[in-house]
Amino acid sequence: MLSLAELIAYFQARNIQFKIDYFSTEFFTLSFETYLDPQIIDDLGGTIKIAQVKTTLPSKTLKEAFIEKNKPAQKQTTQTIAASSALEGMSKAPDKLLFGISIYTSDNAIKPLGGRIQRFIGSAIKGKLMAQGKKSNFMGTGQDRSEAQLSHIEVLKKNLIENQAEVLLCIGKNQTWIANTVAVHNPFEFQKRDVYKPNQRAIFGMPPRLARMMVNLSACTQGKTLLDAFCGVGTILQEALLEHTTVVGMDVNSWCVKASEENLEWLTEEYGISGADFRVLQGDVERLAEKVGVESVDCVVSEPDLGPAIRETPTGAYAQRIIEKLEPLFLGFIEEAYRALRPSGRLVVVTPFIRTRSREAITMPIDEKLREIGFKRVYVFTDELFSSDAPEHDRLMGMASLVEIDERHKIGREIHILQK
């Protein structure tokens, strides 16, 4: 749900009116009051594709078509797609066309049939285009792919956006959305900012995509000031600077201060950021507010120490010792961040989320400190954001934090959004 939380924070910070019609682990559908420029995908870290809905059909029909192999239901599915505007861009494309199909669903009954649905729909579209005098080739995922989805890299490399030549079938619980991809995440830009900046710190580094998501969660937009008190080589600062914010970094390590400055200078030149406003200070977090100024920043976004690198899944006792050792650093930082923030400013902070052998998670206890100094949690998911018929969204209400952890990792990130 981290990606959906980022979208919500991004739209709210820019007063973009929207409703969430459906959400799942595979896709979200949102409706907007006005036109949404799909190029906002360049501002997002957690969104892979943006597509425009062209038509819908009942998911029941799709299940009858491909689970029960019902011929009339198959015909209704292909006719619905052909009668929509989903093929308009392809029909107008010059010369021979390459198009693709991607199937998104969290329905375990449908998922294994993704490749079959993909090939069936692809064949039907190819026949429809041929009837219009248009030669085409269908791009599928092949037999060796468990998911019947084209990657964003494939869509980029094959130029499928230009002719709206990727059709998505997003299969929900009751309804299926047919859409054309209109924008995709460009991983090469994030890779450039990760790999080609002058200074690296791979072991302790945060991926630029996650850094961008945290900046968006902080609601830090153009004209505001963002502080990272544990800036390292400046990954969070870079993503904030691309949003044309003023950025302030701080680190106790003098090498990190110099490395951050060089990386921000490189970014400013590489992306042609006019009037870039940044400074990086050396200092201990215990004197953070004194160093940067009391009530001087709008947003604080930081990842302090997450603990030692561990190879084996720890016991609960060992995980607890890691947390207890780090606790004074985190609680002191939260207090100083409160002092540095302007009224109504946001703190987005990462605390350790440690998996243990007993399959429980050991986390940082910060709630008492938050109450003591006056921070309030920001609950991203609220009832009014969802359409009246959006299914099962109650389970998101009251979600106090967001967890980011890879299956292979022992220590993940618990992301807290706090407001002064």
Side-chain angles (χ1 to χ4, degrees), residues 6 9-16 36-45 183 185-186 188-201 205-251 254-283 288-303 337 340-348 420:
E6 180 197 18
Y10 180 89
F11 294 139
Q12 288 178 333
R14 291 157 181 79
N15 295 314
I16 297 171
L36 181 72
D37 185 350
Q39 294 313 308
I40 66 156
I41 201 165
D42 295 335
D43 297 338
L44 302 170
H185 162 75
N186 187 338
F188 305 112
E189 286 300 318
F190 281 94
Q191 183 185 42
K192 179 169 74 173
R193 299 199 290 273
D194 191 24
V195 176
Y196 296 109
K197 61 190 176 188
N199 299 291
Q200 315 289 327
R201 205 181 182 206
M206 173 184 285
R209 280 187 63 198
L210 180 59
R212 176 55 70 99
M213 294 171 81
M214 289 179 60
V215 169
N216 284 330
L217 289 170
S218 77
C220 204
T221 53
Q222 186 170 354
K224 292 185 177 181
T225 300
L226 179 142
L227 164 69
D228 181 2
F230 300 83
C231 68
V233 295
T235 303
I236 290 172
L237 301 179
Q238 285 189 164
E239 296 306 311
L241 198 60
L242 286 168
E243 286 295 315
H244 301 282
T245 66
T246 298
V247 300
V248 181
M250 197 174 89
D251 204 285
S254 60
W255 179 85
C256 286
V257 172
K258 186 173 184 295
S260 286
E261 288 175 338
E262 290 176 355
N263 285 346
L264 292 171
E265 286 166 1
W266 169 82
L267 184 87
T268 300
E269 185 175 343
E270 187 72 21
Y271 285 85
I273 304 172
S274 60
D277 190 352
F278 63 86
R279 61 192 172 109
V280 187
L281 312 170
Q282 183 177 0
L288 175 63
E290 177 186 333
K291 194 81 174 176
V292 303
V294 174
E295 296 193 351
S296 63
V297 300
D298 302 288
C299 319
V300 179
V301 180
S302 289
E303 178 177 272
L341 279 167
R342 295 184 177 117
S344 300
R346 277 192 183 186
L347 164 63
V348 178
K420 184 171 179 176

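Side-chain atoms are counted along with the backbone in the values below, which use heavy atoms only and exclude waters and symmetry mates. Numbers here are sequence positions counted from 1.
- Taking OG of Ser296 as the start and CZ of Arg342 as the end, the distance is 6.5 Å to the nearest 0.5 Å.
- Dense packing is recorded around CD of Gln39, with more than 12 heavy atoms of other residues, nucleotides or ligands lying under 6.0 Å away.
- Remark: the backbone N or O of Val195 is paired with a side-chain donor or acceptor of Gln200 at under 3.5 angstrom.
- Inter-residue side-chain proximity for Trp266 and Gln238 is flagged as met; some heavy-atom pair is nearer than 4.5 Å.
- Listed by chain and residue number, Phe18, Phe32 satisfy the ring pair (Phe, Tyr, Trp, His ring centres under 6.0 Å) test with Phe11 (two or more places apart in sequence, or in another chain).
- A 4.5 Å side-chain heavy-atom check between Asp251 and Ser260 finds every atom pair outside the cut-off.
- Using a 4.5 Å heavy-atom cutoff, the side chains of Asp43 and Arg212 are in contact.
- The closest donor-acceptor contact from the side chain of Ser218 to the backbone of Val348 lies at 3.5 Å or more, if one exists at all.
- Under the 3.5 Å distance criterion, the side-chain polar atoms of Glu6 are matched with a main-chain donor or acceptor of Gly45.
- Under the rule for a side-chain hydrogen bond (donor to acceptor under 3.5 Å, both in side chains), the partners of Thr235 that lie at least two apart in sequence or sit in another chain are Lys197.
- For the residue pair Tyr271/Glu189, the side-chain donor-acceptor check at 3.5 Å is satisfied.
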Step-by-step side chain to side chain contact (heavy atoms under 4.5 Å, CB included) determination, Lys258 to Trp255:
CA-CA 5 Å; Lys258 186 173 184 295; Trp255 179 85; 5.8 Å; no
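- Here the side chain of Asn263 pairs a donor or acceptor atom with the backbone of Asn199 at under 3.5 angstrom.
- The residues Arg193 and Glu239 are annotated as salt-bridged, a charged nitrogen and a carboxylate oxygen being separated by less than 4.0 angstrom.
- Between Ile273 and His244, the closest side-chain pair of non-hydrogen atoms falls below 4.5 Å.
- For the pair Leu237/Phe278, no side-chain contact is recorded, criterion being any heavy-atom separation below 4.5 Å from C-beta on.
- Side-chain contact between Glu243 and Leu226: absent, with no pair of heavy atoms (C-beta onward) separated by less than 4.5 Å.
- For the side chain to side chain contact (heavy atoms under 4.5 Å, CB included) with Cys220, the lone residue among Thr245, Leu227, Val301 that qualifies is Thr245.
- Taking a 6.0 Å sphere around OH of Tyr196, one finds it holds 12 or fewer heavy atoms contributed by other residues, nucleotides or ligands.
- The backbone N or O of Gly249 sits nowhere less than 3.5 Å from a side-chain atom of Asp228 that would complete a donor-acceptor pair.
- Other residues, nucleotides and ligands contribute over 12 non-hydrogen atoms within 6.0 Å of the NZ atom of Lys192.
- In this structure the side chain of Thr221 reaches within 4.5 angstrom of the side chain of Lys224, judged on heavy atoms.
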